[in-house]
Structures are given as C-alpha cells and as structure tokens.
Amino acid sequence: MTENAYTRRDDDDNYGPDGHGRQGVGRMTGTVLVTSGTGRTGRRVVERLAALGVPVRSGSRSGGVPFDWQDDTGWEAALRGAEAAYVAYYPDLAVPGAAEAMAAFGRTAAACGVRRVVLLSGRGEPQAVVAEEALRGAAGAVEVTVVRSAFFAQNFSEGALLDGVIGGELVFPAGTTAEPFLDLDDLTDVVVAVLTGDGHAGAVYELTGPRSLTFGQAAEELGRAAGRPVRYVPVTGRAYASLLEEFGVPEAEAGFLAELFATLLDGHNAATADGVKRVLGREPKDFADFAREAARDGAWHS
C-alpha cells in the first residue's frame with residue numbers, strides 16, 4: 001500500500017541474524033532525498049534520518065526542496081548531490097503512468113550519481129510490480145531495493161478510516177478477508193535501515209504485521225483501545241465508490257480505489273511475511289499494540 005489516501009533501537013549489535021544492518025546503525029552518511037516528504041511515510045523517514053544525524057532533503061510540492069511527481073523538471077535539482085533516495089510515489093504505483101514515472105526517475109537518479117534507491121510498493125499489486133521493474137531497468141548501476149507494504153495500521157488513526165473509528169462505524173469493502181496490518185513505525189525502521197545500511201541491493205522485502213485480522217476483528221481491537229464500540233460495516237466495491245464520490249472524491253479516483261481494494265483484499269495477501277524480521281532482527285508490532293498506542297496518543301478523541 002503506497003502513498004495514497006489509505007496508505008507505512010540502537011544497540012551495540014550492529015547486524016541482525018541475516019547480516020543486514022539494523023535500524024539506527026548504518027554505513028551510509030551521505031544526503032538522502034525523501035520524495036513525498038510530507039506524506040505519512042515520508043515525514044516519518046525524514047524525522048528518523050534527521051534524528052540519526054543523516055543529512056536529509058524533504059521533497060514535496062510546497063516544501064523547501066521542490067519535488068512533484070507530476071512535473072519532472074525539478075527532479076534533477078532535488079537529486080543532485082544526494083547519495084540515496086526514498087521513493088514514495090503518489091497516488092499509487094498501480095495507477096496508469098506510474099511505470100513511466102518510475103523509469104524517468106531511475107534515469108534521473110542514475111544521471112545524478114545517486115547510489116541507492118528504496119522504493120515503497122504495494123504488496124500483491126501486479127501493476128505495482130511493473131512500475132518496480134521499470135525503475136530497476138532505468139536505474140542502471142543504482143542499487144534498488146523494494147519494500148512491499150501491507151495495509152497500513154495507521155489508516156485507522158490518521159488516514160481515510162479515522163472518521164469511521166471516531167464515529168463507531170468502519171464502512172469498507174473488505175468482507176471477511178483477513179489482512180496483516182503493518183505499523184508505520186516498522187515500515188520506517190525498515191526503510192531507514194535499508195537506506196543507511198549495506199547488503200540490501202536488489203532485495204524485495206514484503207512487510208506485514210505478525211498476524212492477520214479481518215476488518216471486523218480489527219474494529220473490535222480498535223473499540224477496546226478507544227473505549228467505545230466500533231463495528232465493521234462491509235459494503236460492495238461499487239457502493240464504496242459511490243460513497244467516496246459523495247464525499248467529493250472524483251469518479252475516476254473513486255473507481256480506481258474500489259478496484260484496487262478488490263484486488264488487494266481477495267485473500268491473496270492474507271498470509272504474513274517475514275520482511276520486518278529479516279531486516280531488523282525483531283518481530284513487527286502487533287495490531288493491538290498499535291491500537292493501544294494510538295488511543296493513548298489521542299488519535300480518536302472526537
């Protein structure tokens with residue numbers, strides 16, 4: 001799940017059991033460009049890199065480092081002098097034109113001397129794989145690592161499903177399909193570890209939480225954490241698209257999102273994966289822990 005509306009420790013032991021550098025201990029100290037730097041994953045990566053003392057550029061349409069996925073004229077200036085880049089494409093790698101954008105970015109990164117690129121992708125999205133390969137094919141000698149994320153847990157606390165939790169009803173077209181929701185703290189730790197550590201070139205990491213829950217079960221966990229009932233209301237994709245349109249989402253985008261969720265939530269993504277442990281040497285955060293922490297931080301205060 002990439003950067004669309006739904007979409008993310010230091011110790012003396014520098015390496016995990018597979019030899020990969022753990023978060024917070026890396027070998028690369030050059031400048032990192034973070035695309036979509038004000039997005040939910042981008043801002044977390046910016047903050048974590050800055051806390052580690054890594055020089056970082058936060059690229060966005062309105063920020064200090066201009067970067068717009070719809071206008072490639074500013075990409076070279078943003079990339080020039082950077083050693084690495086975190087790529088979070090908006091709205092999603094599965095949309096038409098994403099593969100072309102990834103190819104263009106790869107060529108620009110290579111021309112600017114970028115050494116390493118970490119790409120956020122969606123788990124189980126066939127069209128996203130096309131975009132991944134377009135980036136790899138165009139980037140030449142640049143090290144490309146792909147992190148494919150499950151559905152963000154934070155979609156319930158700061159994304160499109162926030163209002164549903166606050167209102168007590170989660171309306172979504174998932175049926176009884178289970179999903180291994182991923183906490184964005186884990187995603188951030190993995191991205192930072194791969195950006196700053198060696199041994200990840202060419203790798204594809206599938207990131208999930210430690211267990212799979214249906215949206216009904218997730219609603220129960222959220223209700224327990226929030227201290228009030230939250231129930232899941234399943235709807236068809238068509239009904240959900242119509243609902244999005246009522247809230248001002250353009251018809252084409254609403255249709256795309258409904259179709260995307262139908263693809264992602266047909267059961268093929270229900271199993272958990274070990275990407276977090278492979279990179280960080282620890283288990284990912286459980287959904288119940290996410291819910292308790294979000295409630296403690298006031299995510300669902302109406």
Side-chain angles (χ1 to χ4, degrees), residues 1-8 36 39-41 87-99 102 119-133 146-162 164-165 170-184 186-187 190 204-219 221-222 232-245 249-250 252-276 284 287 290:
M1 177 67 67
T2 49
E3 280 287 339
N4 60 39
Y6 298 86
T7 69
R8 139 54 143 345
S36 303
R40 276 181 295 160
T41 70
V87 176
Y89 181 75
Y90 183 86
D92 193 277
L93 286 180
V95 303
M102 288 300 99
L119 173 66
L120 174 64
S121 187
R123 186 173 183 241
E125 294 185 42
Q127 288 305 309
V129 176
V130 175
E132 295 170 13
E133 293 306 313
V146 176
V147 291
R148 294 176 181 162
S149 175
F151 199 96
F152 298 161
Q154 277 75 5
N155 286 328
F156 298 103
S157 62
E158 56 189 77
L161 297 177
L162 169 61
V165 179
L170 284 173
V171 181
F172 202 71
T176 58
T177 300
E179 173 71 14
F181 301 101
L182 176 71
D183 190 282
L184 286 183
D186 289 330
L187 173 65
V190 168
V204 176
Y205 296 117
E206 291 209 358
L207 309 183
T208 74
R211 63 184 173 118
S212 299
L213 298 86
T214 66
F215 275 69
Q217 291 169 330
E221 294 276 15
L222 294 166
Y232 171 56
V233 181
V235 293
T236 65
R238 184 183 297 274
Y240 190 69
S242 297
L243 182 63
L244 291 177
E245 291 177 41
V249 178
E253 182 178 350
F256 164 76
L257 288 172
E259 184 176 342
L260 176 64
F261 294 138
T263 300
L264 296 177
L265 297 168
D266 64 359
H268 76 281
N269 280 335
T272 60
D274 65 352
V276 172
F287 188 83
F290 148 75

Q) Tell me, do V95 and Y89 make a side-chain contact under 4.5 Å, heavy atoms counted? A) yes
Q | Enclosure of E259 CD (heavy-atom neighbours >12, cutoff 6.0 Å) | A | no
Q) Under 6.0 Å from the CZ atom of R211, do we count more than 12 heavy atoms belonging to anything else shown? A) yes
(Q) Just verifying a value: how many Å separate L187 CG and T208 OG1, rounded to the nearest 0.5 Å? (A) 12.0 Å
Q) Within a strict 4.5 Å, meaning less than it, do heavy atoms of the M102 and S121 side chains meet? A) no
Q) Between S212 and A178, which heavy-atom pair has the shortest distance, and what is it? A) CB-CB, 3.9 Å
Q) Roughly how far, to the nearest 0.5 Å, is the CZ atom of F215 from the CG atom of L222? A) 10.0 Å
Q: With sequence neighbours left out, write down each residue that passes salt bridge (Lys or Arg N to Asp or Glu O under 4.0 Å) with E132, or none if nothing qualifies.
A: R148
Q) Looking only at heavy atoms, which two atoms of Q217 and L213 are closest? And how far apart? A) OE1-CA, 3.3 Å
Q.
In the structure I gave you, are the side-chain heavy atoms of P126 and T263 within less than 4.5 Å of one another anywhere?
A. yes
Q. About how many Å separate OG1 of T272 and CD of E206, when rounded to the nearest 0.5 Å?
A. 10.5 Å
Q | Rounded distance (nearest 0.5 Å) linking atom CD of E125 with atom CG of N269 | A | 8.5 Å
(Q) Contact between L264 and F151 at the side-chain level, heavy atoms closer than 4.5 Å - yes or no? (A) no
Q: Compare all side-chain heavy atoms of L182 with those of V276 and state whether any distance is below 4.5 angstrom.
A: yes
Q. At what distance, to the nearest 0.5 angstrom, does CG of L161 lie from CZ of F172?
A. 5.5 Å
Q.
Please find the pair of heavy atoms, one from D92 and one from A94, that lie closest to each other, and give the distance.
A. OD1-N, 2.8 Å
Q: Would you name the heavy atoms of L265 and T177 that are closest together and state the gap between them?
A: O-OG1, 3.0 Å
(Q) Run S36 and T41 through side-chain contact (heavy atoms from CB on, under 4.5 Å) and show every step you take. (A) CA-CA 8 Å; S36 303; T41 70; over 6 Å; no
Q | F290 and F181, any side-chain heavy atoms less than 4.5 Å apart | A | no
Q.
So which atom in A271 and which in P180 form the shortest heavy-atom distance, rounded to 0.1 Å?
A. O-CG, 3.7 Å
Q | T214 side chain near Y232 side chain, heavy-atom distance below 4.5 Å | A | no
Q: Assign the ring pair F287 / F156 to parallel, tilted or perpendicular, where the plane angle (0 to 90°) is split at 30° and 60°.
A: perpendicular
Q. Can you name the nearest heavy-atom pair linking A254 to A241, along with the distance?
A. CB-O, 3.6 Å
Q: Starting at NE2 of H268, measure out to CZ of R123 and round the result to the nearest 0.5 Å.
A: 8.0 Å
Q: State, with a plain yes or no, whether a side-chain heavy atom of V171 is found less than 4.5 Å away from one of L243.
A: yes
